[in-house]
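Labels below follow one simple rule: chain letters A, B, ... track the order of the sequence lines, proteins then strands, and each chain is numbered from 1.
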2 protein chains.
Amino acid sequence: MSRRLIFLSAFEMNTVGHLAHGLWRHPRDQSSRYTDIDYWMDLARLLERGLFDAVFLADVTGTYDVYGGGPHAAIRHAVQVPINDPMLLVPAMASVTQHLGFGVTVGTGGEAPYLFARRMSTLDHLTRGRIGWNIVTGFLDRAARGRGESGQPDHDERYDAADEFMNVVYGLWESSWADDAVVRDRASGLYAQPEKVRPVRHAGPRFPLNAIHLSEPSPQRSPLLFQAGASARGRVFAVRHGECIFVPNLGPSRTAAIVRDIRAQAVQAGRSPDSLRLLTGLQVIVARTEREAQDKYAEYRRYALPEAGLTQLASATGIDFSRFEADEVIPDFRSNSIQSSAEALAADGQWTVRKLLADMPLGGRYAPIVGSPGQIADAMASWVEETGIDGFNLARSVSPESFADFIDLVVPELQTRGLFKHSYAPGTLREKIFGSPRLPPTHPGAGDALAKMPWPT
Amino acid sequence: MSRRLIFLSAFEMNTVGHLAHGLWRHPRDQSSRYTDIDYWMDLARLLERGLFDAVFLADVTGTYDVYGGGPHAAIRHAVQVPINDPMLLVPAMASVTQHLGFGVTVGTGGEAPYLFARRMSTLDHLTRGRIGWNIVTGFLDRAARGRGESGQPDHDERYDAADEFMNVVYGLWESSWADDAVVRDRASGLYAQPEKVRPVRHAGPRFPLNAIHLSEPSPQRSPLLFQAGASARGRVFAVRHGECIFVPNLGPSRTAAIVRDIRAQAVQAGRSPDSLRLLTGLQVIVARTEREAQDKYAEYRRYALPEAGLTQLASATGIDFSRFEADEVIPDFRSNSIQSSAEALAADGQWTVRKLLADMPLGGRYAPIVGSPGQIADAMASWVEETGIDGFNLARSVSPESFADFIDLVVPELQTRGLFKHSYAPGTLREKIFGSPRLPPTHPGAGDALAKMPWPT
């Protein structure tokens, strides 16, 4: 099989500290300008110059409050708090780009599907078909409390609710307006043919609906669908709905096993293997030479705050690390882990707070790849070779410098090796990646849902 | 008292047919480009060139389905359907302007206050303090059905729920983060002082909450608040919360009475008279001479579809006009009216469909002012003089031509007469209008709510 080009997205968040905690303190870091629209427009221009397929905007709608039993540590070091809405960055970033895609994280738990579907259609129109949606089924406990619930619903119930949410939004995006509904005939005054627009009727139980979609068909109809479900139930959901699926970076061999399992499950679920892209997170420190890269890494580390990284890990694992002495063994670390990355950290033995801190040199759970452009390209090529992954979600360290370094130094190297594109493909985000603007027939949300639903009389 | 300058906003909607139905058919009309981001960015530049205080983005989240017992007529003529999300236009329009304000319509019925508050704070950050919110307490029945409800809640209950919604979002915007919470001290790694950030605790009944606001304080904290409640209960809500209040255009004498009543009620509610601006809708057809303006008006009328206007009026009044013969008297027209403009139409006698159609020469409920720049300025000045209104929400007819005509011809005339500014005032939207960036102390959402709430221990 011919080699597929590497997919690249920039892993971002509308916040100061995303994954490399403390690096907002670096003199050249601009992440504390996250409230400034120019910061995001400049980033969009930069990423498009580097031919990034997309910018992926993470989100969380609660505050990390396990460490120390409250949000104090997270607030002190800006560990994903304050955090602004990711969706509202897209129109500004789209206004200065032509090709860059957008993967926006929105949870199914806090939104009304009817209005959410219109938001996504609006973005698909405004971006001319460049919108993607990272489907998240649950955020933090505190986010649920923000909505007035006593806590998150049961894990499996959450996925059942998310499946129902998906059916409703597929109905709105794919089946409410026929392709030829909109006519725009100025002479007769016929804007759209009413008999080609029909209500989506859904009985419930959670999201009853009986209404037409408010938006006319957008270039992609359904946004490109990102998913990252890691649990057993989560993986069922991911292979059912996801087009771009995130895989935790657990080192080559374990990651390869997950990649194989996801591809096999997707085929079992009736999906075409070619309709999926699997991505993993990556952090890169690059300079012209290995020596310079190591110097840069050492310099970055001086600003990192590994203890701030512990704040995020505490909420990811449910363990309040503040209760442990530095060299006290943390019991049940693996069994309590809810994020696979935490499992990876614990894979080699017993963990203490001191070991955890030493394992987060840039203030977070990512182990950066450090080296010359050639070394970075080697490492990325090996990753693809060994794991079968399709691409990478590149996390920032010093922002936007680490993206600029990657674009100036690594992208040309990848291009020279035939691993990365020299220009964007035409069309919508889905077209650029999969060659077709719409969900493929093997996807459960695909437009033949039209055929399954009764037209109104 | 010295004459106050006229406030001007552009009355827009993220849709094809807003109020002048059928005019999307005009050869120069560009409203069917509403899905194109460049259309909105060009409009923003145009309005800022004309020193408009704001663009006001209306919204509706249901389809007009009273006429003919279904949505067919509305879909056929693009009567506010399809309609895209208004909020997502703001970042793009803000990216090419420095001063133009934004009044975005969002209903309190379909949104979770916790996430909505973050959206507004995000926009206030991205616009550098230029965001306004038009608070709407209820949309159409179909919108409620879209959310799975059997219909709209009772009218007064709707306002009670909206009052509770307001208290929650005021708490998040005004009281969660102290002004000096954010420090951004790179040396110590202290981004924000945790002891200056506190959860908003609200017991309910509808919107229980126990969480800190996700966003750090934005330039205005609370967005500039627009309101248009017209019923008795609605007016109580409007004078409690609104900073810019819309008054229906019912002709000078009736409008003047409403203006007096709103100002009196506001003072009774403890608001400062100077903390309010009252606006009414206006449609203008202007050319260099009266003759040319009349010609233009006649030309516009050839494209209008008054029967499409009936579709909107049917949902506003609850009367299915399709059931009446052209000259059949429509019974109970006034008592069924829920929009005051419809009351105005019926004020002079008995109505028939033929009379209604003749009364909507541009396809909607606005009676345009037609004339030379001097005549338009005369009419606007008289309106201000006779009604005590502070300004106008200018509806489009042919888009964006009618805004461009107004800016090129009427604005200079108003400036010459000392009725309109020659440049923008500095600062946030609220500062430009009221001289202060924050809600005034007489407003119920103002920051001294901070003093009333307990700090966490």
Heavy-atom proximity to chain A below 4.5 Å, by part of [X]:
X        : answer
B/Arg206 : neither
B/Val182 : neither
B/Met87  : both
B/Asn14  : side chain
B/His26  : backbone

### Query
Under the 3.5 angstrom rule, does the side chain of B/Arg25 hit a backbone N or O of A/Ala187 as a donor-acceptor pair?
yes
May I ask you to name which of [options] has the most heavy-atom pairs under 4.5 Å with chain A?
options                               : answer
B/Ala92, B/Ala181, B/Gly189, B/Gly22  : B/Gly189
B/His213, B/His202, B/His77, B/Arg76  : B/Arg76
B/Thr15, B/Asp124, B/Leu123, B/Val183 : B/Leu123
B/Gln193, B/His72, B/Gln80, B/Arg118  : B/Arg118

Please tell me if the side chains of [X] and [Y] come closer than 4.5 Å, counting only heavy atoms from C-beta onward.
X        : Y       : value
B/Val197 : A/Val81 : no
A/Leu115 : B/Asp85 : no
A/Leu126 : B/Leu89 : yes

At their closest point, which heavy atom of [X] faces which heavy atom of [Y], and how far apart are they?
X        : Y        : value
A/Pro91  : B/Pro91  : CB-CB, 4.0 Å
B/Ile37  : A/Arg128 : CG2-NH1, 4.3 Å
B/Thr35  : A/Glu216 : CG2-OE2, 4.5 Å
A/Ser32  : B/Tyr191 : CB-CE1, 4.1 Å
B/Arg184 : A/Trp24  : C-CZ3, 3.9 Å
A/His125 : B/Asn84  : CD2-ND2, 3.4 Å

### Residue A/Pro27 versus chain B: region with a heavy atom under 4.5 Å
backbone
Among [options], which residue forms the greatest number of heavy-atom pairs with chain B at distances under 4.5 Å?
options                            : answer
A/Val16, A/Ile75, A/Asp36          : A/Ile75
A/Ala73, A/Ala78, A/Pro82, A/Gly17 : A/Pro82
A/Asp38, A/Thr122, A/Leu172        : A/Thr122

